[in-house]
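Have a look at the structure below before the remarks.
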Amino acid sequence: LTDELFDQERNLPRMPFNTAVYQDQKPYKIAYFKTDGWFEPCVTSLRAVDEAVAGLRKQGHAVEEIAIPLDGWFSYGLLVAINVAEGKFRSFAEGLEGEPIMPHYDALMLSLTIPEWLRFIVCRVIDARRSHLLSQGKANGCSVFELWKKLADIKFLKNKWSDTMQGYDAVVMPAVPIPAPPHGLSGEITGAYSYMFNANMLDWPCGSVPVTQVRKDETHYNNCPHNDEYTRQVREKVMPGSEGMPMSVNVMACAFEDEKCLHVMKEIESA
């Protein structure tokens, strides 16, 4: 981050990268959590968090488990609601300027064009998690008042996380809670990306650090409380054959504390 960058982008706070904070060797107080209550991590992902926590403690940091302030049902549902507020993913489609949408988005585009009477029925037929996401949007978009309520929910989310992070320098969590899916399957398991979107919703710095690999005895998904389509896809198509696949954790710090985020990432990497 240089003066030239801030001169070119006047909306950024003039906060050059603080090398002293990044290189500081004082012990940090770090929070962690292992599940967002929406998409249960596979056993390798849970082990990755445990290993990252153990490594940070070995480096002299104080690490405490916290209760996530708002679960993934709230935060991921809110993300979906904001993204589809305009109806039919209008800006996304217009941004393609006539190019065809990738097949991976077919299910999403179909869900955004379902008439309201049919959406009501479908939501009562499919499983709870997909019903929750489908119910966040309307084919013709939401009203201005409904959008303002969702924006107020984002402010509420930020306030809750800010309160939770009082006294902590960073938080460690699963990254994507399952191994990388086979090519072409990502559109069927979008619910698994809920952990990544915490930082997007908060506008906080966040980074992923590879920690471990899937072991031979971990190529299963038997610890999920949901018996639905997401679980079936992970159990039947993602976990089999995943031995040796890398697994990462996310490190997130509060707004404008990029140096702390990078410092904790470096500490995990070196541990």
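FYI, side chains are in, hydrogens and waters are out, and symmetry mates aren't considered; it's all heavy atoms of this structure.
For the pair V234 and P240, the tightest heavy-atom approach, listed with the atom from each and the gap, is O-CD, 4.1 Å. Considering every non-hydrogen atom in both E86 and N83, the closest pair reads OE2-O, 4.3 Å. The two residues A52 and V249 have their closest heavy-atom pair at CB-CG2, 4.1 Å. For the residue pair C254 and M165, the shortest heavy atom distance occurs at SG-CB, 3.7 Å. Nearest heavy-atom pair across S194 and D36 is OG-OD2, 2.6 Å.
In this structure, R14 pairs ionically with D7, as a charged nitrogen and a carboxylate oxygen lie closer than 4.0 Å. Under a 4.0 Å N-O distance rule, the pair D228/R129 qualifies as a salt bridge.
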>> Walk me through whether R47 and T212 qualify under side chain to side chain donor-acceptor pair (under 3.5 Å).
In response: CA-CA 8 Å; R47 179 169 59 81; T212 189; 2.9 Å; yes
Worked check of side chain to side chain contact (heavy atoms under 4.5 Å, CB included) between Y221 and V43: CA-CA 8 Å; Y221 193 57; V43 292; over 6 Å; no
Decide yes or no on side chain to side chain contact (heavy atoms under 4.5 Å, CB included) for K88 and N140, but give the supporting numbers first. CA-CA 7 Å; K88 300 178 182 177; N140 294 320; 4.0 Å; yes
Exercise for the section: Test salt bridge (charged side-chain N to carboxylate O under 4.0 Å, His left out) on D169 and K29 and set out the steps. Expected result: CA-CA 6 Å; D169 295 293; K29 186 175 180 181; over 6 Å; no
Practice item. Please lay out, stage by stage, how F89 and M109 fare under the test side chain to side chain contact (heavy atoms under 4.5 Å, CB included). Key: CA-CA 7 Å; F89 234 3; M109 297 306 296; 4.0 Å; yes
Report task. Given side chain to side chain donor-acceptor pair (under 3.5 Å), test T219 with E243 step by step and report yes or no. Result -> CA-CA 6 Å; T219 58; E243 181 183 357; over 6 Å; no
Verdict with supporting geometry, R232 and D127, salt bridge (charged side-chain N to carboxylate O under 4.0 Å, His left out)
CA-CA 12 Å; R232 187 187 71 80; D127 56 77; over 6 Å; no
### Query
Yes or no on salt bridge (charged side-chain N to carboxylate O under 4.0 Å, His left out) for K260 and D24, after CA distance, side-chain angles and deciding distance?
CA-CA 9 Å; K260 288 186 176 181; D24 192 1; over 6 Å; no
Check: Run the side chain to side chain contact (heavy atoms under 4.5 Å, CB included) check on N227 and R235 step by step: do they pass?
Finding: CA-CA 10 Å; N227 186 23; R235 184 177 293 153; 4.1 Å; yes
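V209 places none of its side-chain heavy atoms less than 4.5 Å from the side chain of S248.
Between the side chains of Q233 and E229, at least one donor N or O lies within less than 3.5 Å of an accepting N or O. Side-chain contact, Y195 with N250: no donor N or O sits under 3.5 Å from an acceptor N or O. Using modelled atom types and a 3.5 Å distance limit, the side chains of Y168 and E64 yield a donor-acceptor pair. Defined by atom type and a distance below 3.5 Å, a donor-acceptor pair is missing between the side-chain atoms of E40 and H226.
In this structure a side-chain-to-backbone donor-acceptor pair under 3.5 Å is missing from H220 to M239.
Transitive grouping of hydrophobic side chains (ILVMFWY, heavy atoms separated by less than 4.5 Å) brings M196 and L79 into a common cluster. A single hydrophobic cluster is not seen to contain both L112 and I114; linkage of ILVMFWY side chains at heavy-atom distances under 4.5 Å, directly or through other members, places them apart. M247 and V53 fall into different hydrophobic clusters, where Ile, Leu, Val, Met, Phe, Trp and Tyr residues are linked whenever their side-chain heavy atoms come under 4.5 Å apart, directly or through other members. Residues L110 and V122 are members of separate hydrophobic clusters, defined by side-chain heavy-atom contacts under 4.5 angstrom among Ile, Leu, Val, Met, Phe, Trp and Tyr. In the hydrophobic cluster analysis, where Ile, Leu, Val, Met, Phe, Trp and Tyr join through side-chain heavy atoms closer than 4.5 angstrom, M252 is grouped together with W38.
The environment of CD in E146 is crowded: more than 12 heavy-atom neighbours from other residues, nucleotides or ligands sit within 6.0 Å. Other residues, nucleotides and ligands contribute only 12 or fewer heavy atoms inside 6.0 Å of the CD atom of E4. Around CZ of R57, the count of heavy atoms belonging to other residues, nucleotides or ligands within 6.0 Å exceeds 12. Under a cut-off of 6.0 angstrom, the local environment of CG in D106 is crowded, with over 12 non-hydrogen atoms contributed by other residues, nucleotides or ligands.
Y76 and F39 have their aromatic ring centers separated by at least 6.0 angstrom.
Because its NZ or CZ atom is not both nearer than 6.0 Å to the ring centre of F6 and within 45° of the ring axis, R10 does not count as a cation-pi partner of that residue.
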